[in-house]
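The structure appears below as structure tokens.
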Amino acid sequence: MLKNIIYKVTALSLVALSPYVSFASAYQIFEQDAASLGTYHAGSAAQANDASTQWYNPAGMVNLKSQQISVGGELVNTNIRFTGTQQNVGQMASGNPEPVNGVNGGGLTPVPNIHYVLPFDRWAFGIGVVAPFGAETDYGDSSPLKYSGTKTQLQVIDITPAIAFKVNKYLSLGIGADIAYVTGEFDNAFAYVNQSFQPVDINVKNKGDAFTFGFHTGVLVNFNESNRIGLTYHSKMTADLKGSTTMSGDTSGVVLNPQTPYTSGDNFSTEIVLPAWWDLAYYIKATSDLALMASASYTQWDSVNNVTLKNVVTPFGTQNFQDVIIQQDFSNTWNFAIGATYDLTPKWMLKAGVGYDVTPTNDQYRNIQIPDQSRFILATGVEYRVLKSLSIALSYAHFFVQRASIDNTQNITDTYQTTKGYVQSSADLLGLQLKWII
């Protein structure tokens, strides 16, 4: 029932819920409002000037004078190219390193959002649909990388009802719930032989989904109408994904366990951690036309140690269904952003922002599923007031990602899959947001 509600609410946003590509650290997505993408979300927990504050800092909802709805999203184009070698040792693998030259695991995907706020007296209510976490890499099945991973996908759809209270003219408080629907897919291939002893690939697809729940809370201090500071906390959530595991391809040579003679199963499971994070932000209207803003966000990634894929069907072993442990050992990270807006005319606003985002991954365990590295960000945008109650924002950001070295060996049922090389990545984000004061 709850899953149906999520689908219906999301459909009302008029945004297609396609796979999300993260281009914040690991699989976190900061961009939940395309209007603020133009400043690289600098000051988002303190601006409190549109409905997206219900997510960034629910305490800011009391700063809005009227009902407001904000709908939009970003189109993310990622370029994630691996160059190096893939080597498989053991079982049916050849054991020879195979060259991989610039295989792209990125692509083009949207990150949608919708926000609504209703202020009344000293209170305010808000609700939104956002995608705070998500990632996808898909290297296809035509390169040797398929033995370490073909498609890896994580999607999070979060419904975020929130309420705020204005304590006095200086202080407001807010709190919101997070009702998150999480889906994941973790695929790869095995080198094998068929019943005629010809080499074939056995493809394995593992999929699961789950609901998880959390909260976000915030405080906003208004020194005056043009000068404020905000602090927000988003809680950790843990999703226990359950679903199916399936082998496909020419499985005629696979020897199945007599007690479990299956090439698929419905008892696949894994635990996905969505880490807690903090956001401290400052906003000041420096002149009648110029506003300055800054943010420092801290994500507690040390709660992610490894991902264990349980009951994965494989063509090897005495049980066919095996557990696969993917070591991560993430570290806590900072994200910094500074930005500015300038009212060129009463209708036109210009935006700019810069940022630096630290990766939680490390050289020892980094893999092609999450080939993450730290990055610099440049952003810009414009906002046009079509009517007094209606505005439209267009934003763009480019992510300059440092080269990510990979030297990772994964043991799957005594087949050692070694990926060695580097990933060179970049991303372009184009955002469009419609804001309507009702």
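- Salt-bridge annotation for Lys310 and Glu271: absent, with no side-chain N of the basic residue lying under 4.0 Å from a carboxylate O of the acidic one.
- Under the 6.0 Å cut-off for aromatic ring centres, Trp277 and Phe133 do not qualify, their centroids lying 6.0 Å or more apart.
- No salt bridge links Lys205 with Asp187; every basic N to acidic carboxylate O contact stays at or beyond 4.0 Å.
- A donor-acceptor pair under 3.5 Å is absent between the side-chain atoms of Asp302 and the main chain of Ser331, judged by distance alone.
- For the pair Pro315 and Met247, the minimum side-chain heavy-atom distance is below 4.5 Å.
- In this structure, the side chains of Phe120 and Phe125 come closer than 4.5 Å at one or more pairs of heavy atoms.
- Results of the salt bridge (Lys or Arg N to Asp or Glu O under 4.0 Å) test with Lys146 over Asp201, Asp138, Asp141 single out Asp201 as the only residue that passes.
- Taking 4.5 Å as the limit, some side-chain heavy atom of Thr270 sits within range of a side-chain heavy atom of Phe186.
- Between Gln47 and Thr53 the shortest side-chain heavy-atom distance does not fall below 4.5 Å.
- Residue-environment remark: CG (Leu290) exceeds the threshold of 12 foreign heavy atoms within 6.0 Å.
- Contact check for Ile157 versus Val129: side-chain heavy atoms found under the 4.5 Å cut-off.
- The main-chain N or O of Ala35 is found under 3.5 Å from a side-chain atom of Lys351 such that the two form a donor-acceptor pair.
- Heavy atoms from other residues, nucleotides or ligands lying under 6.0 Å from OH of Tyr170 number 12 at most.
- At distances below 3.5 Å, at least one donor-acceptor pair connects side-chain atoms of Ser295 with backbone N or O atoms of Gly43.
- With hydrogens and angles disregarded, no donor-acceptor distance shorter than 3.5 Å links the side chain of Thr380 to the backbone of Ala352.
- Without hydrogens or angle criteria, Arg375 side chain to Gln373 main chain gives a donor-acceptor distance under 3.5 Å.
- Note: Phe336 and Tyr356 fail the aromatic proximity criterion, with ring centroids not under 6.0 Å apart.
- Exactly one of Trp278, Tyr56, Trp55 qualifies for a side chain to side chain contact (heavy atoms under 4.5 Å, CB included) with His234. That residue is Trp55.
- Side-chain N/O atoms of Gln86 and Thr419 include a donor and acceptor closer than 3.5 Å.
- Panel note: side chain Thr299, backbone Trp301; no donor-acceptor pair is recorded below 3.5 Å.
- With hydrogens and angles disregarded, no donor-acceptor distance shorter than 3.5 Å links the side chain of Asp363 to the backbone of Arg366.
- Side-chain atoms of Tyr384 and Lys347, non-hydrogen and from C-beta on, do get closer than 4.5 Å to each other.
- The closest donor-acceptor contact from the side chain of Asp178 to the backbone of Ala180 lies at 3.5 Å or more, if one exists at all.
- Classification of the Phe400-His398 ring pair by plane angle, with boundaries at 30° and 60°, yields perpendicular.
- Atom CG of Asn224 has more than 12 neighbouring heavy atoms from other residues, nucleotides or ligands inside a 6.0 Å radius.
- In this structure, the separation between OG1 on Thr245 and CG on Asp266 is 10.5 Å, given to the nearest 0.5 Å.
- Within the 4.5 Å cutoff, the side chain of Leu429 has heavy atoms near those of the Phe399 side chain.
- Taken from CG in Leu171 to CZ in Phe165, the straight-line distance is 9.5 Å, to the nearest 0.5 Å.
- Only one option out of Thr150, Asn104, Ile80 pairs with Tyr139 in a side chain to side chain contact (heavy atoms under 4.5 Å, CB included); it is Ile80.
- Of the charged side-chain nitrogens involved, at least one lies within less than 4.0 Å of a carboxylate oxygen, so that Asp343 and Lys285 count as a salt-bridged pair.
- Of the possible donor and acceptor atoms, none in the side chain of Thr409 sits under 3.5 Å from a partner among the backbone N and O of Thr418.
- Contact annotation: the side chain of Gln328 approaches that of Ile326 to within less than 4.5 Å [non-hydrogen atoms, C-beta and beyond].
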